[in-house]
Visitor: 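Take a look at the following structure, please.
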Amino acid sequence: MNHFEYRNGVLHAEGVPLPRIAAEVGTPVYVYSTATLTRHYRVFADAFAATGLDATVCYAVKANSNQAVIATLAQLGAGADVVSEGELRRALAAGVPRGKIVFSGVGKSAAEMAFAIEAGIAQINVESVAELDQLSRVASGMGAEVPIALRVNPDVDAKTHAKISTGKKENKFGIDIDDAPAIFARARDLPGLAPISIAVHIGSQLTDLAPYRAAFGRVADLARALQADGFDIRHLDLGGGLGIPYDAEDPPPPDAYARMVAETVGDLGLPVMLEPGRMIVGNAGVLLARTLYIKQGREKRFAVLDAAMNDLIRPALYDGHHRIQRVREPEADAEPLAYDVVGPVCESGDTFATGRRIAPLAADDLVVFGSAGAYGAVMASTYNSRLLVPEVLVNGDRYAVVRGRQTYDEMIGQDRLADWLRADAPEPSVTDNQETPRRAAGADG
Ligand SMILES: *Cc1c(COP(=O)(O)O)cnc(C)c1O
């Protein structure tokens with residue numbers, strides 16, 4: 001459930017009419033709902049509390065790393081799962097307690113490791129032997145002992161889109177689960193490391209519990225084997241990945257998910273960490289855009305918007321579906337028309353939907369893309385030299401711009417002309433390079 005609803009014929013985010021945000025902040029713009037974020041966090045955390053499991057929710061920051069979003073969740077008690085030093089810095093800046101931060105990811109640099117150790121976070125999740133050895137060197141060099149998890153790859157098909165499936169043998173993530181006991185033994189022998197946890201994350205947008213059951217069952221077996229071998233396993237990190245309804249999907253509700261976790265690993269009596277991202281923020285955000293033109297081709301009707309693939313790349317990258325809805329509520333008898341909904345970027349891939357049936361649109365109409373709170377703004381770019389999209393957080397009748405729209409000066413000002421390209425650059429002297437011909441300019445040439 002979310003808090004984007006029509007009131008008096010106008011789509012609102014909680015108590016704020018979206019046309020107001022469009023007028024005051026401009027479009028395209030991401031709009032997030034505090035009430036939806038809060039609700040999703042609570043539903044998820046409460047589902048685990050009801051099972052009696054000792055569970056910590058470490059919100060997966062990569063889904064939406066705006067500090068206002070992280071802070072909203074941190075104030076509800078969330079920890080954070082981060083995958084880069086940048087995300088770690090954001091989580092710390094947003095007030096997430098260091099003891100609830102987990103550092104995941106397949107390629108942490110030595111500098112990132114050192115930063116995380118210095119920050120004193122809860123755990124670093126290691127994904128390869130090479131990374132294990134590197135972390136040992138960095139930690140022992142700092143005189144530290146880092147709590148680590150080994151991320152295992154359980155070779156389970158998450159049955160999700162290929163680009164977001166991570167738990168099969170051929171994926172780059174984790175250590176083959178059959179090799180885990182030997183690598184745990186290596187970790188125990190290396191200086192600077194305290195191997196205390198097993199981590200697993202098999203993919204994203206899962207709509208079925210069966211792959212989880214298979215993966216967590218294998219993790220539980222591994223935990224028992226390691227305990228029998230004398231390892232002090234202190235908790236399990238079970239990753240994220242629970243899907244959301246973008247269209248007709250019917251993902252399992254959080255309480256069914258939590259019960260499945262209790263059934264698969266509960267008898268170990270270990271605390272668990274969960275890393276939901278999409279499930280918390282996905283339906284808590286929309287991308288608000290304006291129709292620039294309706295273009296009637298011979299065969300197709302295009303709605304050309306002011307938002308593009310650089311603002312929301314999921315359709316181009318993952319064939320992602322987003323509900324597209326008019327902000328002005330359609331009349332009850334309005335016959336939907338089929339549109340190809342596209343952006344202004346010079347790529348045919350800049351297409352949000354083809355043949356989508358929507359209530360008739362006119363130039364200047366506002367529309368929203370639903371379920372755009374996760375993997376939306378975080379993936380935005382300035383491709384085609386379009387300004388980085390702003391973000392707004394609504395709370396009841398209030399809203400705040402939580403990331404302003406970039407200015408052209410900020411975007412263009414990042415570039416530097418090389419010395420030799422500057423109009424006022426001195427001519428190269430003969431001593432610089434004997435071969436350099438004098439600049440051929442004008443009549444001298
Ligand atoms: C991406 C990721 C998550 C979050 O996935 P969602 O599908 O957004 O819940 C959790 N853990 C790890 C290690 C990840 O890489």
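Counting convention: from 1, in listed order, for ligands and their atoms alike.
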Visitor: Within a reach of under 6.0 Å around CZ of Arg224, are more than 12 heavy atoms found that belong to other residues, nucleotides or ligands?
Guide: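 Correct, the count exceeds 12.
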Visitor: When you measure from the side chain of Arg357 to the backbone N and O of Pro336, does any donor-acceptor pair fall under 3.5 Å?
Guide: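 Yes, because the side chain of Arg357 sits within donor-acceptor range (under 3.5 Å) of the backbone of Pro336.
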Visitor: Is there a donor-acceptor contact under 3.5 Å from the side chain of Lys108 to the main chain of Asn125?
Guide: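 Between the backbone of Asn125 and the side chain of Lys108 there is a qualifying donor-acceptor contact (under 3.5 Å).
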Visitor: For Glu410, what residues pass the salt bridge (Lys or Arg N to Asp or Glu O under 4.0 Å) criterion, not counting sequence neighbours?
Guide: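 Glu410 satisfies salt bridge (Lys or Arg N to Asp or Glu O under 4.0 Å) with no residue once adjacent residues are dropped.
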Visitor: Under the salt bridge (Lys or Arg N to Asp or Glu O under 4.0 Å) rule, collect the residues that match up with Glu145, sequence neighbours excluded.
Guide: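 By the salt bridge (Lys or Arg N to Asp or Glu O under 4.0 Å) rule, Glu145 matches no residue at all.
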Visitor: Checking Asp409 now: which residues fulfil side-chain hydrogen bond (donor to acceptor under 3.5 Å, both in side chains) with it, not counting sequence neighbours?
Guide: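 Here no residue qualifies.
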Visitor: What does the list of residues with a heavy atom under 4.0 Å from ligand 1 look like, ordered by chain and number?
Guide: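 Under the 4.0 Å cut-off, ligand 1 touches Ala60, Lys62, Asp81, Ser104, Arg151, His201, Ser204, Gly240, Gly241, Glu275, Pro276, Gly277, Arg278, Tyr375.
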